[in-house]
Amino acid sequence: GIRSRTPLPGTGRVRKHAQAMSMQAMGEEAYADLRKKIWHIAEQVMTVFEHIMPDARTIFVGRAAQGLIDAGVTIHIRLFTRHSVTEIAQSLVDFGYNEPAFATVETRFGRLQQVRLNEEGQEVLLTRCVPEMFERDDVSHTDLTTGKPIAMLTLPALRRQIDESTR
């Protein structure tokens, strides 16, 4: 075949295009509503753990935390706790969430366990990290597999974001 000399667009350009197409397809208001819905789901899940595992810390990470909800975004929450994924899943079920599934992910910090659930048609992925990892910037501010910087919100920061978006 003929080789094109045109460089392929980077993931950033592809995402911006997907975001623009999503906004165009659903309209800016619907896009903003979906973003709010996603932020509320993240806030509710994080609040569950604030109540039942007060020693645990949660952070909301990735594109959804930035408000970028194009191309079927997943709600990524990191949960810093000694509790097992079974206890994490049970806590969610006790609060009325659907039965979650379990997964593992290979990261730069070894294999981490995950709890995956579907809430109002949105995928939520909780990654269990040990509490000592919380203070490390390479854990809280980076992608665990690529090591690239990512957006991150604590629960108070997410609540401020939600408040500001509803004004």
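Being a predicted model, the structure only gives us computed values, none of them experimental. The first residue of the sequence shown is numbered 1, and numbering continues consecutively from there.
In this structure, Leu125 is not a member of the same hydrophobic cluster as Ile77, with clusters built from ILVMFWY side-chain heavy atoms closer than 4.5 Å.
Here the straight-line distance linking atom CZ of Phe49 with atom OG1 of Thr58 works out to 8.5 Å at 0.5 Å rounding. To the nearest 0.5 Å, atoms CE (Met152) and CG (Leu158) are separated by 12.0 Å. Atom CZ of residue Arg160 and atom OG1 of residue Thr154 lie 6.0 Å apart, to the nearest 0.5 angstrom. Atom CE of Met53 is separated from atom OG of Ser91 by 3.5 Å, given to the nearest 0.5 angstrom. To the nearest 0.5 Å, atom CD of residue Glu43 and atom CD of residue Glu50 are 8.5 Å apart. Remark: Ile59 CD1 to Ile150 CD1 distance equals 7.0 Å, nearest 0.5 Å.
Minimum interatomic distance between Ala65 and Gln161 (heavy atoms only, all atoms of both residues): O-NE2, 3.8 Å. Taking both residues in full, the closest heavy atoms of Asp143 and Arg108 are given as O-NE, 4.1 Å, listed atom of the first, atom of the second, then distance. For Gln66 against Ala151, the heavy-atom pair with the smallest separation is CG-CB, 3.4 Å. For Ile52 against Phe95, the heavy-atom pair with the smallest separation is CG2-CE1, 3.6 Å.
Gln122 is listed as a side-chain neighbour of Leu34, based on a closest heavy-atom distance under 4.5 Å. Looking at Pro131 and Arg57, their side chains never come closer than 4.5 Å, going by heavy atoms from C-beta outward. Side-chain contact between Thr47 and Leu155 is present, with heavy atoms from C-beta onward closer than 4.5 Å. The shortest distance between side-chain heavy atoms of Val105 and Leu144 does not fall below 4.5 Å. Inter-residue side-chain proximity for Ile38 and Ile75 is flagged as met; some heavy-atom pair is nearer than 4.5 Å. Counting heavy atoms from C-beta on, the side chains of Leu92 and Leu126 come closer than 4.5 Å. Gln90 has its side chain within reach of Val93: a pair of non-hydrogen atoms, C-beta onward, lies under 4.5 Å apart. Under the 4.5 Å side-chain criterion, counting only non-hydrogen atoms from C-beta, Asp55 is not in contact with Arg82.
With Trp39 contributing its side chain and Arg159 its backbone, the two residues share no donor-acceptor pair below 3.5 Å. In this structure, the side chain of Lys37 engages the main chain of Glu120 through a donor-acceptor pair within 3.5 Å.
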Check the pair Val45 / Tyr97 against side chain to side chain contact (heavy atoms under 4.5 Å, CB included), numbers first and verdict last.
-> CA-CA 9 Å; Val45 170; Tyr97 286 93; 3.7 Å; yes
Given Val130 and Phe80, is the side chain to side chain contact (heavy atoms under 4.5 Å, CB included) satisfied, shown in steps?
-> CA-CA 5 Å; Val130 292; Phe80 298 84; over 6 Å; no
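Screening Arg78, His76, Gln114, Gln113 against Thr127 for a side chain to side chain donor-acceptor pair (under 3.5 Å) leaves a single residue, Gln114.
Salt-bridge check for Arg128 with Glu87: failed, with every basic side-chain N at 4.0 Å or more from each acidic carboxylate O.
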